[in-house]
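Data block below; observations after.
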Amino acid sequence: MLDVKLLRSDPDFVRDALHRRGGAELAGVVDQVLAHDERRRAAITEADALKAERNEASRTVGEIKRAGGDAEELIRRTRAVGEQIAELDRRVSATDEAISSLLLSTPNLPDPAVPQGGEEANQVIRSWGDPVRHPFPALPHWELGERLGLLDLPRGAKISGSGFPVLRGRGARLQRVLIDWMLDLHTTEHGYEELRVPYLVTRESLVGTGQLPKFEEESYLAERDDLWLIPTAEVPVTNLHRDELLGPEDLPLRYTAYSPCFRREAGAAGKDTRGLLRVHQFDKVELVRFERPERSADALEELTAEAESVLQKLGLAYRVLRLASGDLGFSARMTYDLEVWAPGVERWLEVSSCSTFGDFQARRANIRFRPAGGEKPAFVHTLNGSALALPRLMVALLETYQEADGSVTLPEVLRERVGTARLEP
RNA sequence: GGAGGGGUGGCAGAACGGCUAUUGCACCGGUCUUGAAAACCGGCGUCCGAAAGGACUUGUGGGUUCGAAUCCCACCCCCUCCGCCA
């Protein structure tokens, strides 16, 4: 959520930043909010004066009664003031609601370093490894998966519909091993605390991180209990500290969590329907950081490097993109996408999105810290990134390490855990 | 699911219709001190306001009242016991 004070003090700056992100219509919320804000403050000023009057009168009533006098006349007049106050209070809450409903649906402002434009303006800022070109006809992962008995898409579809893959045998084990190995990497080498979190969350939690109220159609809802399936572990992990005031010594906080992720992919019907490229349920290991504001820029670089280290250790070629303003997620201030090369489908696949949110989520979720003893509380900065998302990682792994005979040779780091060096039919 | 108890500031914990939340701990500033500790003084939630000042804040939302932490209603959460259960 944007700070109303910022809109008030520098409306041109906010208008301009929102314009870069979503055009003139989006920039228009600034003036709408400011109009409500002005009405709101006028009503508060008026109501506060009447409340002061009422408090004074009530105090007097108490004194008169204690002295054994008759306060009827004063009570009657004060009752009328009470009605005026109620009317003004209604106006305050109406404008309040109008403002928060506008702001809850307004995305974060892009960082100045973010390139302007849509997807086509994303910048490749670095790459690692050489994209593999096999000297034989490379198979896509769904064929490899089927031949090697790792993947059973038809049965997944039978159970739950398309987009719900079944992994089996070595495939299931490989995925479990990758999760385990990544968690170990982040806890032992990167200083993260491992969390195991709920996969169903309240509406409030989704509002806290920014998925709601705007993207309701993207989430699954268990209506009977009004609980939502998480689209990412970011939601429960970030909300871990919702409505908390952290001490000066508490930051930074670094958490890693495995979770399944549930996404309706409502806007992507018909896109990437084959194999594991886009599914409704997938596994992911997530990194989440709570940082002091002055640390958040460096923290994003660190977090991105930590996600990259997974691909490096697996020997998979990837590139890092800085997303353009129009391609940023709702809550993000700046995002690096990691795209891994998949030689079977001959595409770069997004396996990680590392973002800083500034104080945007902290404001929505009310996560504050005390900068130093005695100082006023301030909002923390939150960051997160996938490290990594499993399906596309599996895709890149299988397609990259496939052999001419259809088998797959596993990278060294996984062999012991999987219990074999080669996946064969 | 049933019965009972309870949610008050960063933490602990009083007040149970009116003098507008007593107090302790922690933390910050000051005085004192060579320095520290102790002691003492002040501060330590949000909003409106340029300021003076004012308003709000006792889980959340309603209601009663001139006035609600306190009374009433609904909901949420925590604890204890019972039932069910991986």
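In this text, all values refer to a predicted model and were calculated from it rather than measured experimentally. In what follows, chains carry the letters A, B, and so on, assigned in the order in which the sequence lines appear, proteins first and then strands, with residues in each chain numbered from 1.
More than 12 heavy-atom neighbours from other residues, nucleotides or ligands sit within 6.0 angstrom of CD on A:E424.
OP1 or OP2 of B:C47 sits under 4.0 Å from a side-chain N or O of A:K5. Under 4.0 angstrom from either OP1 or OP2 of B:G18 there lies no side-chain N or O belonging to A:N55. Remark: A:R40 is not in phosphate contact with B:G49, judged by side-chain N or O atoms under 4.0 Å from OP1 or OP2.
Of the candidates B:G49, B:A55, B:G10, the closest approach to any side-chain atom of A:R41 belongs to B:G49. Nearest nucleotide to the A:R368 side chain, out of B:C48, B:G54, B:G45: B:G45.
For A:R417, the side-chain contact (heavy atoms from CB on, under 4.5 Å) test picks out A:V177, A:D180, A:W181, A:D184, with sequence neighbours left out. Contacts of A:D89 classified as salt bridge (Lys or Arg N to Asp or Glu O under 4.0 Å), with partners at least two apart in sequence or in another chain: A:K51. The side-chain contact (heavy atoms from CB on, under 4.5 Å) check on A:A324 picks up A:P115, A:A121, A:N122, with sequence neighbours excluded. Remark: A:D152 engages A:R155, A:R168 in a side-chain hydrogen bond (donor to acceptor under 3.5 Å, both in side chains) (not counting sequence neighbours).
Taking atom CD of A:E249 as the reference point, atom C1' of B:C11 lies 13 Å away to the nearest angstrom. Here B:C11 presents its P atom at 10 Å from CZ of A:R370, a figure rounded to the nearest Å. One can place CG of A:L50 at 11 Å from P of B:C56, the figure rounded to the nearest angstrom. Residue A:D225 contributes atom CG, which lies 14 Å from atom C1' of B:C76 at whole-angstrom precision. Rounded to whole angstrom, the span from the CG atom of A:D48 across to the C1' atom of B:G49 amounts to 10 Å. Rounded to a whole Å, the CG atom of A:N366 is 11 Å from the C1' atom of B:G45. The CD atom of A:E204 sits 18 Å away from the P atom of B:C75 (whole-angstrom rounding). In this structure, CD of A:Q84 is placed 16 Å from C1' of B:A55, rounded to the nearest angstrom.
The nearest heavy atom of RNA chain B to A:E53 and to A:D37 marks one nucleotide each, and the one closer to the 5' end goes with A:D37. Judged by closest nucleotide on RNA chain B, A:R8 is the one of A:R8 and A:A47 placed further toward the 5' end.
Inspection of the A:T209 and A:Q211 side chains reveals an N or O donor paired with an N or O acceptor under 3.5 Å.
Between A:R77 and A:E73 there is a salt bridge, since at least one side-chain N of the basic residue sits less than 4.0 Å from a carboxylate O of the acidic one.
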Let me have the donor-acceptor pairs involving side chains of residues 190-199 of chain A, under 3.5 Å, with sequence neighbours excluded, atom names and distances please.
{"unit_1": "A:H190", "atom_1": "ND1", "unit_2": "A:H186", "atom_2": "ND1", "d": "3.1"}
{"unit_1": "A:Y192", "atom_1": "OH", "unit_2": "A:R289", "atom_2": "NE", "d": "2.9"}
{"unit_1": "A:Y192", "atom_1": "OH", "unit_2": "A:E306", "atom_2": "OE1", "d": "2.5"}

Give the table of side-chain donor-acceptor pairs shorter than 3.5 Å for residues 215-226 of chain A, with sequence neighbours excluded, one pair per line with atom names and distance.
{"unit_1": "A:E218", "atom_1": "OE1", "unit_2": "A:E265", "atom_2": "N", "d": "3.3"}
{"unit_1": "A:E218", "atom_1": "OE2", "unit_2": "A:A266", "atom_2": "N", "d": "3.3"}
{"unit_1": "A:Y220", "atom_1": "OH", "unit_2": "A:H280", "atom_2": "ND1", "d": "3.4"}

Name each donor-acceptor pair under 3.5 Å that joins a side chain in residues 379-394 of chain A to protein atoms two or more places apart or in another chain, with its distance.
{"unit_1": "A:H381", "atom_1": "ND1", "unit_2": "A:S296", "atom_2": "OG", "d": "2.9"}
{"unit_1": "A:T382", "atom_1": "OG1", "unit_2": "A:Q361", "atom_2": "OE1", "d": "2.7"}
{"unit_1": "A:N384", "atom_1": "ND2", "unit_2": "A:E234", "atom_2": "OE2", "d": "3.3"}
{"unit_1": "A:S386", "atom_1": "OG", "unit_2": "A:S353", "atom_2": "N", "d": "3.2"}
{"unit_1": "A:R392", "atom_1": "NE", "unit_2": "A:L277", "atom_2": "O", "d": "2.9"}
{"unit_1": "A:R392", "atom_1": "NH1", "unit_2": "A:E350", "atom_2": "O", "d": "2.9"}
{"unit_1": "A:R392", "atom_1": "NH2", "unit_2": "A:L277", "atom_2": "O", "d": "2.9"}

Scan the side chains in residues 100-110 of chain A for donor-acceptor partners under 3.5 Å anywhere in the protein, sequence neighbours excluded, and list what turns up.
{"unit_1": "A:S100", "atom_1": "OG", "unit_2": "A:D96", "atom_2": "O", "d": "3.2"}
{"unit_1": "A:S100", "atom_1": "OG", "unit_2": "A:E97", "atom_2": "O", "d": "3.4"}
{"unit_1": "A:T106", "atom_1": "OG1", "unit_2": "A:L102", "atom_2": "O", "d": "2.6"}
{"unit_1": "A:N108", "atom_1": "ND2", "unit_2": "A:S331", "atom_2": "O", "d": "3.0"}
{"unit_1": "A:N108", "atom_1": "ND2", "unit_2": "A:F357", "atom_2": "O", "d": "3.0"}

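A salt bridge (Lys or Arg N to Asp or Glu O under 4.0 Å) check over residues 101-119 of chain A, counting only residues at least two apart or in different chains, returns the pairs A:D111-A:R333.
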Every protein N/O within reach of nucleotides 84-86 of chain B N/O, cut-off under 3.5 Å:
none

I'd like a list of close polar pairs between nucleotides 65-69 of chain B and the protein, N/O only, cut-off under 3.5 Å.
{"unit_1": "B:C66", "atom_1": "OP1", "unit_2": "A:R79", "atom_2": "NE", "d": "3.4"}
{"unit_1": "B:C66", "atom_1": "OP1", "unit_2": "A:R79", "atom_2": "NH2", "d": "2.6"}
{"unit_1": "B:C66", "atom_1": "OP2", "unit_2": "A:R79", "atom_2": "NE", "d": "3.2"}
{"unit_1": "B:C66", "atom_1": "O2'", "unit_2": "A:S58", "atom_2": "OG", "d": "3.4"}
{"unit_1": "B:C66", "atom_1": "N4", "unit_2": "A:K65", "atom_2": "NZ", "d": "3.3"}
{"unit_1": "B:G67", "atom_1": "O4'", "unit_2": "A:S58", "atom_2": "OG", "d": "3.1"}

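Here, B:A21 and B:G13 have their C1' atoms 12 Å apart, quoted to the whole Å. Between B:A12 and B:G17, the two C1' atoms lie 27 Å apart (nearest whole Å). Here, B:C27 and B:A37 have their P atoms 10 Å apart, quoted to the whole Å. Taking the P atom of each, B:G18 and B:C32 are spaced 44 Å apart, rounded to whole Å. Nucleotides B:A86 and B:C78, compared at atom C1', are 24 Å apart to the nearest Å. A distance of about 14 Å separates the P atoms of B:A74 and B:G2, rounded to the whole Å. Rounded to whole Å, the C1' atom of B:U8 lies 13 Å from the corresponding atom of B:G45. Look at the C1' atom in both B:G24 and B:C44: the space between them is 15 Å, to the nearest Å.
Counting only Watson-Crick and G-U wobble pairs whose two key distances fall under 3.5 Å, RNA chain B forms stems of three or more stacked pairs at B:1-7 with B:76-82, B:10-12 with B:23-25, B:27-31 with B:39-43, B:45-48 with B:53-56, B:59-63 with B:71-75.
For A:T420 (side chain) and A:R422 (main-chain N/O), a donor-acceptor pair under 3.5 Å exists by modelled atom type.
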